[in-house]
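Convention: sequence-line order gives letters A, B, ...; per-chain numbering from 1.
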Amino acid sequence: MRVEIRLFASLRQRAGRETLELDLPDGARVADALSALDWLTGDVRAVMAVNRDYASGDTPLAPGDELALIPPVSGGAR
Amino acid sequence: MTNVDSKRTAPVNTSATARPPHVRISSEPLSLDAITARVSDPRAGAVVSFMGVTREVPALEYEAYAEMALQELARIAGAATRRHGLCAVAVEHRIGTVALSEPSVVIAASAPHRAEAFAGAREVIDTIKAMAPIWKREEGEWVEGHAIDPPPSGTATL
């Protein structure tokens with residue numbers, strides 16, 4: 001199955017684009033997608049959001065899910 | 001729900017129905033007055049407002065995963081409302097370039113008494129900083145942020 005991942009902040013900058021496509025086996029879970037993105041995240045502790053909720057590694061993925069890679073957040077003031 | 005209070009003279013609605021929080025993400029300047037007005041409530045004896053402003057650098061640049069950040073702000077404000085018995089909460093976060101000393105986030109919380117209003121507003125800003133998918137860049141460098149722990153396995157989502 002093919003899924004699209006939205007990228008933000010440092011990871012968007014690192015990838016040089018706002019979205020990436022991944023080809024994953026049917027039945028793939030969040031942990032599989034994160035493994036396939038190791039080359040991009042490297043030492044950044046990123047978490048996956050599935051359909052706008054933070055998701056555990058065992059969350060199953062489906063085509064059409066809204067996926068986003070969330071690097072450490074820094075909203076608010078300092 | 002009927003709520004009789006013999007000390008009250010004015011016909012004030014004191015039913016404990018929580019109001020849905022006001023949340024917004026905007027590239028326009030934020031107004032503390034406007035957000036404070038949004039939590040006006042006849043049950044409230046205290047209104048706490050908070051403004052987080054940029055400091056020390058000429059400007060900060062904010063980016064958000066806006067669709068999810070709005071949902072997170074609403075979830076965070078809703079949880080604080082229930083936990084502290086707030087009357088109303090309003091939160092606005094700015095994105096784009098925010099100049100020195102301008103607000104990047106404004107929060108208002110109203111409650112019957114000041115202790116809950118302070119505690120509620122504090123919880124909202126602390127949780128936003130820890131959980132909302134919002135990032136800032138200072139002089140071209142992304143600020144090292146707070147890594148989010150994924151929810152434990154076995155739970156689909158947080």
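- B:E63 contributes no side-chain N or O that, together with a main-chain N or O of A:F8, makes up a donor-acceptor pair within less than 3.5 Å.
- Heavy atoms of B:R137 lying under 4.5 Å from chain A belong exclusively to its side chain.
- Heavy-atom proximity under 4.5 angstrom to chain A picks out B:S104, B:V105 from residues 98-110 of chain B.
- In this structure, B:W142 contributes its side chain and A:S74 its backbone to no donor-acceptor pair below 3.5 Å.
- With hydrophobic clusters built from ILVMFWY side chains whose heavy atoms lie under 4.5 angstrom apart, B:F50 does not share a cluster with B:F118.
- Between A:A55 and B:P150, the shortest heavy-atom distance links the atoms O-CB, 3.8 Å.
- Considering only residues two or more places apart in sequence or on other chains, B:R122 meets the side chain to side chain contact (heavy atoms under 4.5 Å, CB included) condition with B:D126.
- Interface residue A:P71: backbone and side-chain heavy atoms are both found under 4.5 Å from chain B.
- Looking at every heavy atom in both residues, A:A68 comes nearest to B:Y65 through CB-CE2, 3.4 Å.
- When all heavy atoms of A:P72 and B:G145 are compared, the pair lying nearest together is CB-C, 3.5 Å.
- The hydrophobic cluster containing B:V48 does not contain B:I76, counting ILVMFWY residues as joined when their side-chain heavy atoms lie under 4.5 angstrom apart, directly or transitively.
- The 12-atom threshold is not exceeded at CD of B:E144, counting heavy atoms of other residues, nucleotides or ligands nearer than 6.0 Å.
- Of the two parts of B:A69, neither the backbone nor the side chain holds a non-hydrogen atom closer than 4.5 Å to a non-hydrogen atom of chain A.
- In terms of heavy atoms, B:I125 sits closest to A:G76 at CD1-CA, 4.3 Å.
- No chain of hydrophobic side-chain contacts below 4.5 Å, direct or via other Ile, Leu, Val, Met, Phe, Trp or Tyr residues, connects B:V47 to B:M51.
- Closest non-hydrogen pair, B:K129 versus A:V73, comes out as O-CG2, 3.5 Å.
- Linking Ile, Leu, Val, Met, Phe, Trp and Tyr whenever their side-chain heavy atoms come within less than 4.5 Å leaves B:V39 and B:I128 in two separate clusters.
- Proximity to chain A is limited to the side chain of B:H93, based on heavy atoms less than 4.5 angstrom apart.
- The line from OH of A:Y54 to CE of B:M68 is 4.0 Å long, rounded to the nearest 0.5 Å.
- For CZ of A:R52, the number of neighbouring non-hydrogen atoms (other residues, nucleotides, ligands) closer than 6.0 Å is greater than 12.
- Contact of B:E67 with chain A is made through backbone and side chain together, with heavy-atom distances under 4.5 Å.
- Atom CE of A:M48 and atom CD1 of B:I148 lie 13.5 Å apart (nearest 0.5 Å).
- Note on B:V124 and B:L70: same hydrophobic cluster, where clusters join Ile, Leu, Val, Met, Phe, Trp and Tyr whose side-chain heavy atoms are under 4.5 Å apart, directly or indirectly.
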